[in-house]
Amino acid sequence: MSEAAFRIRQVTFDCHDPSKLAQFWSTATGCEIVADYGDFVMVNSTPALGFQRVERPTPGKNRMHIDVGGVERKALVERLTSLGATTLSDHEAPGLVWTVMQDPEGNEFCVGNPDL
């Protein structure tokens with residue numbers, strides 16, 4: 001890797017309740033919570049997920065989001081819904097199928113077909 005190149009090590013979510021949101025993502029990904037500092041909690045995924053308490057998370061649509069996949073999409077959507085996620089919409093494009101969802105604090109993410 002060149003000096004100018006970098007790797008994304010962590011994606012951090014602003015939220016009201018870092019422990020609760022980290023538990024959702026920990027269960028959803030099957031990855032463990034590796035640090036809990038009260039106002040900041042980390043999940044050991046790739047990349048790592050961080051959850052930091054802020055007084056007022058940014059309202060409105062996310063400007064970026066996580067795409068997940070790797071298993072049968074409909075089953076994964078059902079599992080995430082049972083954990084507290086909300087389904088917003090389903091979409092299709094040639095060779096792609098995905099569902100837009102929100103985690104328990106309203107952060108949007110997409111669940112795609114396994115090879116997405």
Side-chain angles (χ1 to χ4, degrees):
M1 186 179 327
S2 73
E3 283 186 40
F6 63 89
R7 293 189 180 132
I8 296 173
R9 300 181 335 190
Q10 180 170 296
V11 175
T12 301
F13 294 80
D14 290 349
C15 58
H16 292 289
D17 189 340
S19 294
K20 182 178 177 182
L21 200 53
Q23 186 59 58
F24 168 83
W25 284 100
S26 172
T27 302
T29 61
C31 298
E32 67 181 282
I33 293 173
V34 292
D36 186 340
Y37 303 105
D39 286 339
F40 190 81
V41 182
M42 290 177 59
V43 173
N44 187 26
S45 58
T46 304
L49 299 176
F51 304 90
Q52 65 183 6
R53 183 182 323 276
V54 296
E55 284 187 36
R56 293 178 304 190
T58 305
K61 185 176 179 343
N62 300 21
R63 292 193 60 189
M64 60 184 270
H65 63 270
I66 294 174
D67 290 336
V68 303
V71 297
E72 203 279 318
R73 183 182 59 82
K74 288 183 181 180
L76 181 53
V77 167
E78 289 176 14
R79 179 172 168 269
L80 293 168
T81 300
S82 75
L83 295 174
T86 303
T87 300
L88 298 180
S89 58
D90 292 306
H91 301 271
E92 277 189 54
L96 298 172
V97 178
W98 70 97
T99 301
V100 178
M101 302 187 77
Q102 289 180 331
D103 70 17
E105 286 208 11
N107 298 298
E108 290 186 13
F109 63 98
C110 293
V111 178
N113 47 331
D115 55 350
L116 179 64

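Any value given below was found using the heavy atoms of this structure, including those in side chains, with hydrogens, waters and symmetry copies removed.
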K.L.:
If you take all heavy atoms of Gly84 and Pro104, which pair is closest and at what distance?
P.N.:
O-CG, 3.8 Å
K.L.:
What residues, two or more places apart in sequence or in another chain, satisfy ring pair (Phe, Tyr, Trp, His ring centres under 6.0 Å) together with Phe109?
P.N.:
Trp25
K.L.:
Nearest heavy-atom pair of Glu72 and Ala75: which atoms, and what distance?
P.N.:
OE1-N, 2.7 Å
K.L.:
Suppose we screen for salt bridge (Lys or Arg N to Asp or Glu O under 4.0 Å). Which residues come up paired with Glu108, at least two apart in sequence or across chains?
P.N.:
Lys61
K.L.:
Do Val54 and Phe13 sit in one hydrophobic cluster, given that two such residues count as connected whenever their side-chain heavy atoms are within less than 4.5 Å of each other, even indirectly?
P.N.:
no
K.L.:
Under 3.5 Å, which donor-acceptor pairs do the side chains of residues 34-44 form with other protein atoms, sequence neighbours left out?
P.N.:
{"residue": "Asp36", "atom": "OD1", "partner": "Gly38", "partner atom": "N", "Å": "2.9"}
{"residue": "Asp36", "atom": "OD2", "partner": "Ser19", "partner atom": "OG", "Å": "3.3"}
{"residue": "Asp39", "atom": "OD1", "partner": "Arg53", "partner atom": "NE", "Å": "2.6"}

K.L.:
Would you give me the side-chain donor-acceptor pairs under 3.5 Å for residues 85-95, sequence neighbours excluded?
P.N.:
{"residue": "Ser89", "atom": "OG", "partner": "His91", "partner atom": "NE2", "Å": "2.8"}
{"residue": "Asp90", "atom": "OD1", "partner": "Thr99", "partner atom": "OG1", "Å": "2.5"}

K.L.:
Can you run down the salt bridge (Lys or Arg N to Asp or Glu O under 4.0 Å) pairs that involve residues 75-87, sequence neighbours left out, and say none if there aren't any?
P.N.:
none
K.L.:
Under 3.5 Å, is there a donor-acceptor pair between the side chain of Glu105 and the main chain of Leu21?
P.N.:
no
K.L.:
How would you list, by chain and number, every residue that makes a side-chain hydrogen bond (donor to acceptor under 3.5 Å, both in side chains) with Gln102, sequence neighbours excluded?
P.N.:
none
K.L.:
Just to verify, what does Thr29 make a side-chain hydrogen bond (donor to acceptor under 3.5 Å, both in side chains) with, not counting sequence neighbours?
P.N.:
none
K.L.:
To the nearest 0.5 Å, tell me how far Ser45 OG sits from Gln10 CD.
P.N.:
8.5 Å
K.L.:
Enumerate the residue pairs fulfilling ring-ring contact (aromatic ring centres under 6.0 Å, His included) with a member in residues 53-75, sequence neighbours excluded, ordered by first and then second residue.
P.N.:
none
K.L.:
How many angstroms lie between CD in Gln23 and CG in Leu83, if you round to the nearest 0.5 Å?
P.N.:
9.5 Å
K.L.:
For Asp14 and Phe51, run side chain to side chain contact (heavy atoms under 4.5 Å, CB included): C-alpha distance rounded to whole Å, both residues' side-chain angles, the deciding distance at 0.1 Å, then the answer.
P.N.:
CA-CA 6 Å; Asp14 290 349; Phe51 304 90; over 6 Å; no
K.L.:
Restricting to non-hydrogen atoms, name the atom on Ser26 and the atom on Cys31 that form the minimum distance, rounded to 0.1 Å.
P.N.:
OG-O, 2.5 Å
K.L.:
Taking all non-hydrogen atoms of both residues, which atom of Val100 and which atom of Cys110 are closest, and how far apart?
P.N.:
CG2-SG, 4.0 Å
K.L.:
Would you give the length of the straight line joining atom CG of Asp103 to atom CG of Leu49, rounded to the nearest 0.5 angstrom?
P.N.:
10.5 Å
